[in-house]
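Encoded as structure tokens, the structure appears first; notes follow it.
Chain letters run A, B, ... following the sequence lines, proteins first, then strands; residues in each count from 1.
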There are 2 protein chains.
Amino acid sequence: MTVSSRGLDITTFLTEKAQSDSSEDFIIIRDPDIEEAAKLINHNRHRRVIIIYGKLKALYEGRAKASLDLAPRILILKPDGTLLIHESTKREPVIWQPPRAVNYACVEDGILTIKSTRTNPHETVKIEIPLPYFLGIFNVGMTENYKVMGTEKEIVDLLTRKIELVEKGLKVIAREYQTIAGSIDILAEDCNGNIVVIEVKRGMAGPEAVHQLKRYVEVLERTSQRPVRGILVAEDVSSSAYKYLREYGFKFVRITRRLLEDLQRQL
Amino acid sequence: MTVSSRGLDITTFLTEKAQSDSSEDFIIIRDPDIEEAAKLINHNRHRRVIIIYGKLKALYEGRAKASLDLAPRILILKPDGTLLIHESTKREPVIWQPPRAVNYACVEDGILTIKSTRTNPHETVKIEIPLPYFLGIFNVGMTENYKVMGTEKEIVDLLTRKIELVEKGLKVIAREYQTIAGSIDILAEDCNGNIVVIEVKRGMAGPEAVHQLKRYVEVLERTSQRPVRGILVAEDVSSSAYKYLREYGFKFVRITRRLLEDLQRQL
DNA sequence: AACTGTATGTCGATC
DNA sequence: GATCGACGTACAGTT
């Protein structure tokens, strides 16, 4: 690899599939020419995913503030404005910008520079890449209607349709019942005519879950003449959450993932 | 690009800098040979960051469950076990595995396959890449002692050293005072000898912040003979948080980022 | 290892 | 656009 070849080995690949499809073509450049890189980035920033590998410095200022000294890292720019700087560890980027940021490349003092700005809150990221080793530009898809199964919403759905799993004799009054204190997962009535507030948590319930339940119960106690009970439904409760449950006299109903999967198969 | 060249155009680049340093060498391969790719991935998975661009399917099973149909995406594997699948939008990966997952590549039915497993909780990701267009293997750094400035901890530090900003005449009793209900940011005493619980939030404080404060105050009221007051310190409060503040009779002290920056310069 | 609280949380839904 | 709660939250610090 000689300096003279810089910026010359730009290649666009159309694979067999892509020739008919043309959606998977991509550009990869090693040791890109600075000006060329800036131009390609600006040309593709709204259309494709851009990946840069190189030694870079970065500065973030906004809700908080952070800076990175010169080191080799991975920079990713997405068409929606997302900016990610990744290091060799962690699921989280060290520095980032969420969607709707405006990113553009320029050359400052002969250094490839990426500037990113977003508003509300106002936050900026400035990245200097004195040594860009690799530039990749890729067509990437986006899954519409992407669904994660086994979320709290799903559990609430299932339990609403088989409320006897929570307690025998319960009758559902409402789902996602809106109150001043927030939205109650399931509002029900027990066989003695008591109002029952049911708060559902997907995994391990912590103290906040119990306090949330407490707030809902308090709100309903003010507006309802009938006694109000609280039930927490979760896979498990932390010890301190359990303490609060007993203190407030709420009931805990354990559900297992297994049970829910069976239930889902039935319904 | 012909099929015959598949797997042959592997290149390792040592830039001028890197020749002495040897830390920034990297490998990029277009239309990698499946077997070769699997071998390279397994060889580098504990040492370098691996990026694959290609049409891929994925399946996640663990705390929840999700699947992705065949489409072009970016797959990243980090030496710490992190796995990320990114699409063209969002800051978040669509599917991922946090650090400490065990990832390896294999060829199943002629298809490049990545399998990832982690324990506690047990979660698996299986990725099939029938069309790998690009494989990149990069040496990436990791910033030691990375510091974000302007976090809550910092604000608590500053306020502890200049508690009169919260209220005149306050005397700090303890910082991070551990109670059964959690840790109180700052515990103080006012000029009338009342106990004061101070909860600090970095940005906008929501209802949870006020309820947290309430819990701390309640705990101290049980154990202390003296009256207990609550003060919420934040840049702002949401409307419902403010409602609760008034309901519980807590005080709100607004702090601005500007004020904190000035304060930091002073101290 | 379990538990607690913060986060530049991000994201989606609801108002 | 503001607000609120869930998240496969991740992550760090403490017991």
Problem set entry | Spacing between B/Leu59 atom CG and D/dG8 atom P, to the nearest angstrom | 15 Å

Problem set entry | Whole angstrom value for the distance that separates P of C/dA7 from NZ of B/Lys147 | 12 Å

Problem set entry | Spacing of A/Glu176 atom CD relative to D/dA6 atom C1', expressed in whole Å | 11 Å

Exercise. C/dT14 and D/dG8: how far apart are their C1' atoms, nearest whole angstrom?
Worked result: 24 Å

For this session: Could you say whether B/Val94 or B/Ser239 is positioned toward the 5' end of DNA chain D, judged by the nucleotide with the nearest heavy atom to each?
Result: B/Ser239

Exercise. Is B/Glu247 salt-bridged to B/Lys243, going by a charged N under 4.0 Å from an acidic O?
Worked result: no

For this session: Check every strand shown and say whether B/Tyr216 touches a base, only sugar-phosphate, or nothing at a heavy-atom separation below 4.0 Å.
Result: sugar-phosphate

Problem set entry | Listed nucleotide nearest any side-chain atom of B/Tyr60, set D/dG8, D/dT3, D/dA2 | D/dG8

Exercise. Does B/Ala64 offer a backbone N or O that forms a donor-acceptor pair with the side chain of B/Tyr60 under 3.5 Å?
Worked result: yes

Exercise. Closest approach of B/Asp80 and A/Lys90, non-hydrogen atoms and distance?
Worked result: OD2-N, 2.6 Å

Exercise. Any ion pair linking B/Glu154 and A/Lys65 (charged N to carboxylate O, less than 4.0 Å)?
Worked result: no

For this session: State whether A/Ser238 places a side-chain N or O below 4.0 Å from either non-bridging phosphate oxygen (OP1 or OP2) of C/dT4.
Result: yes

Problem set entry | Rounded distance in Å between the C1' positions of C/dT10 and C/dT6 | 14 Å

For this session: Go through the structure and list residues passing salt bridge (Lys or Arg N to Asp or Glu O under 4.0 Å) with A/Lys201, not counting sequence neighbours.
Result: A/Glu152, A/Glu199

Problem set entry | Salt bridge flag under 4.0 Å for residues B/Glu123 and B/Arg63 | yes

Problem set entry | N/O (side chain, B/Lys201) to phosphate O (OP1/OP2, C/dT6) under 4.0 Å | yes

Exercise. Can you tell me how far C1' of C/dT8 sits from CD of A/Glu61, to the nearest Å?
Worked result: 12 Å

Exercise. Within the structure, does a side-chain N or O atom of A/Ser240 lie under 4.0 Å from either OP1 or OP2 of C/dT4?
Worked result: yes

For this session: Give a yes or no on whether a salt bridge exists between A/Glu108 and A/Lys115, defined as a side-chain N under 4.0 angstrom from a carboxylate O.
Result: yes

Seminar exercise, completed: Reading nucleotides 10-15 of chain C from 5' to 3' and marking B where a protein heavy atom lies under 4.0 Å of the base, S where only the sugar-phosphate is that close, and - otherwise, the string is SSS--S

Problem set entry | Among C/dT4, D/dG8, C/dT8, the nucleotide that comes nearest once only the side chain of A/Val148 is considered | D/dG8

For this session: Kindly check if the number of other-residue, nucleotide or ligand heavy atoms within 6.0 Å of CD1 (A/Ile180) is above 12?
Result: no

Problem set entry | OP1 or OP2 of D/dC4 under 4.0 Å from side-chain N/O of A/Gln212 | no

For this session: Provide, to the nearest angstrom, the distance between the OH atom belonging to B/Tyr177 and the P atom belonging to C/dT4.
Result: 18 Å

Problem set entry | Side chain of B/Glu208 - closest among D/dG5, C/dA7, D/dG8 | D/dG5

For this session: Could you please name the option among C/dA7, C/dG5, D/dC4 that lies closest to any side-chain atom of B/Pro207?
Result: D/dC4

Problem set entry | D/dA10 and D/dA6, which share atom name C1', separated by this distance in whole Å | 14 Å

